[in-house]
Amino acid sequence: MTENAFTRRDNDNGESNGEDGGRGVGRMTERGAGVAGGTVLVTSGTGKTGRRVVERLTALGVPVRSGSRTGEVPFDWQDASGWAAALRGTRAAYVAYYPDLAAPGAAEAMAAFGRTAEACGVRTVVLLSGRGEPRAVVAEEALRGAAGTVEVTVVRSAFFAQNFNEGALLDGVLGGEVVFPAGTTAEPFLDLDDLADVVVAALTGDGHAGAVYELTGPRSLTFAEAAGELGRAAGRPVRYVPVTGPAYASQLEEFGVPGPEAGFLAELFATLLDGHNTATTDDVKRVLGREPKDFSAFAREAAGNGAWHG
């Protein structure tokens, strides 16, 4: 999946395998020379990943157009009529699709976005995708097929570590019980700062066109192990409570998630958390020249910033 309130969706309300096409380590160029000084559209500029990308591009001196449903630059995945206005005059775009690249209609939306981007003269698109998601790959290919001359880079992400302090799992940590249908499967949680650095490198540097990066943290942890590390960092007991997919869907519905979306998420988690995504990759290091942040370091930083003082 890409990024949803429960995993990897870049909601513009702020809710939240080594394959790289044969390219080597990209080079981040000074002051965004990789996009020829042109403006970059960030489609979900206030989301978990989007705001980090905006901050980094701004620090590099790259002009940024931060899109959101209600912001100064209107951008809504459910209303294609505004896409051209948001893209016109830009040289590159960071695309974080809502609700999810594996969701029904995502491939059609990506094809439409690709055609619009090419028509508007966009040169580079960096797409946030999900690791190990066959249906997301269909959407990726729809974008590539429709974008024509636009250079497309795909960044496939593991589960965000920040789901525990910025996403839907925050309440569970605060309450001492993280309820999730992961069983004993281990996941190589990715820190969003690492993801944003890779995205910015792909937007501003050379050697990334056509690449597919699969990003993970440096080690895999079960949700029980992650809960233990969160508890130690937060200074309070936190335990993992495994549930079945159907039970989790029912719980989501109790919290107001529409039935079809709740069922979709539960089914998606069952697909993702079957062990095929457990292995780590070295793509963060290959792109950035450094190791990704460890989950324990994320937990200490989040605790130090007061994430779990509530």
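- One finds the CZ atom of Arg91 at 14.5 Å from the CG atom of Leu41 (value rounded to the nearest 0.5 Å).
- The minimum heavy-atom distance between His276 and Thr271, with the atom names listed, is CE1-O, 3.1 Å.
- The shortest side-chain heavy-atom distance between Val155 and Glu214 does not fall under the 4.5 Å cut-off.
- If you take CG on Leu195 and OG on Ser157, they are separated by 5.0 Å, rounding to the nearest 0.5 Å.
- The side-chain heavy atoms of Val73 and Arg65, taken from C-beta on, include a pair separated by under 4.5 Å.
- Between Tyr248 and Phe180, the gap from one ring centroid to the other is short of 6.0 Å.
- Closest approach of Asp197 to Arg290, counting heavy atoms only: OD2-NH2, 2.7 Å.
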Practice item. Start with the C-alpha distance between Thr278 and Glu187, add both sets of side-chain angles, then the distance that settles side-chain contact (heavy atoms from CB on, under 4.5 Å), and finish with yes or no. Key: CA-CA 5 Å; Thr278 294; Glu187 173 70 18; over 6 Å; no
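- The six-membered or imidazole ring of Phe269 lies away from that of Phe264, with a centre-to-centre distance of 6.0 Å or more.
- With salt bridges taken as basic N to acidic carboxylate O contacts below 4.0 Å, one links Arg51 and Glu166.
- Cation-pi check for Arg286 over Tyr213 is not met; the charged atom does not lie both under 6.0 angstrom from the ring centroid and within 45 degrees of its normal.
- With ring centers used as reference points, Phe189 lies under 6.0 Å from Phe164.
- At least one donor-acceptor pair closer than 3.5 Å links the side chain of Ser68 to the backbone N or O of Gly71.
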Practice item. Show your working on side-chain contact (heavy atoms from CB on, under 4.5 Å) between Glu261 and Leu265 and close with a plain yes or no. Key: CA-CA 6 Å; Glu261 182 176 357; Leu265 289 170; 4.2 Å; yes
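- A donor-acceptor pair under 3.5 Å is formed between the side chain of Asn163 and the backbone N or O of Phe160.
- For the pair Val53/Leu203, a side-chain contact is recorded, criterion being any heavy-atom separation below 4.5 Å from C-beta on.
- In this structure a side-chain-to-backbone donor-acceptor pair under 3.5 Å is present from Trp83 to Asp76.
- The nearest pair of heavy atoms linking Ala103 to Pro99 is CB-CG, 4.1 Å.
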Practice item. Test side-chain contact (heavy atoms from CB on, under 4.5 Å) on Val152 and Leu143 and set out the steps. Key: CA-CA 8 Å; Val152 177; Leu143 174 62; 4.0 Å; yes
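- Between Trp77 and Phe75, the angle of the ring planes goes over 60°, which puts this pair in the perpendicular group of the 30/60° scheme.
- Distance alone, capped at 3.5 Å, is enough to place a donor-acceptor pair between the Glu225 side chain and the Thr222 backbone.
- Residues Leu127 and Val137 do not share a hydrophobic cluster, clusters being chains of Ile/Leu/Val/Met/Phe/Trp/Tyr side chains in contact below 4.5 Å.
- Here CZ of Phe298 is found 12.0 Å from CG of Asp194. Values are rounded to the nearest 0.5 Å.
- More than 12 non-hydrogen atoms from other residues, nucleotides or ligands lie less than 6.0 angstrom from CZ of Arg135.
- Side-chain contact check for Thr153 versus Val125: every heavy-atom pair is 4.5 Å or farther apart.
- No single ILVMFWY cluster, assembled from side-chain heavy atoms under 4.5 Å apart, contains both Val138 and Leu128.
- When every heavy atom of Gly89 is checked against every heavy atom of Thr39, the shortest pair comes out as O-CB, 4.1 Å.
- Side-chain atoms of Arg236 come within 3.5 Å of backbone N or O of Leu174 as a donor-acceptor pair.
- For the atom pair SG (Cys120) and CZ (Phe113), the distance works out to 9.0 Å, reported to the nearest 0.5 Å.
- At a threshold of 4.5 Å between non-hydrogen side-chain atoms, the residues Asn165 and Val173 do not count as touching.
- One N or O on the side chain of Asn277 and one on the backbone of Arg131 form a donor-acceptor pair closer than 3.5 Å.
- Leu221 has its side chain within reach of Glu229: a pair of non-hydrogen atoms, C-beta onward, lies under 4.5 Å apart.
- Nearest heavy-atom pair, Ala182 versus Tyr240, reported as atom, atom and distance to 0.1 Å: N-OH, 2.9 Å.
- For the atom pair CD of Glu140 and OG of Ser129, the computed distance is 3.5 Å after rounding to the nearest 0.5 Å.
- For the residue pair Ala266 and Ala249, the shortest heavy atom distance occurs at CB-CB, 3.9 Å.
- Residues Thr281 and Asp283 have side chains that never bring a donor and an acceptor to within less than 3.5 angstrom of each other.
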Exercise for review: Kindly indicate, with the supporting measurements, whether the criterion side-chain contact (heavy atoms from CB on, under 4.5 Å) is fulfilled by Val200 and Val62.
Suggested key: CA-CA 10 Å; Val200 171; Val62 177; over 6 Å; no
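- Although no hydrogens or angles enter the test, the distance criterion places a donor-acceptor pair under 3.5 Å between the side chain of Ser250 and the main chain of Pro246.
- Taking the side chain as every heavy atom from C-beta outward, Leu57 and Thr204 approach each other to under 4.5 Å.
- Using modelled atom types and a 3.5 Å distance limit, the side chains of Thr49 and Tyr94 yield a donor-acceptor pair.
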**Study point:** Verdict with reasoning, Arg123 to Glu118, per salt bridge (charged side-chain N to carboxylate O under 4.0 Å, His left out)
**Key:** CA-CA 8 Å; Arg123 302 285 183 85; Glu118 183 181 39; over 6 Å; no
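- Judged purely by atom type and a 3.5 angstrom limit, Glu177 has no side-chain atom pairing as donor or acceptor with the backbone of Arg239.
- In this structure, Asp191 contributes its side chain and Ala161 its backbone to no donor-acceptor pair below 3.5 Å.
- Scanning for side chain to side chain contact (heavy atoms under 4.5 Å, CB included) contacts around Glu291 gives Lys285, with sequence neighbours left out.
- Going from atom OG of Ser66 over to atom CD of Glu55 covers 10.0 Å, rounded to the nearest 0.5 Å.
- With Thr185 contributing its side chain and Leu273 its backbone, the two residues share a donor-acceptor pair below 3.5 Å.
- Considering only heavy atoms from C-beta on, Thr280 stays 4.5 Å or farther from Pro218 through its side chain.
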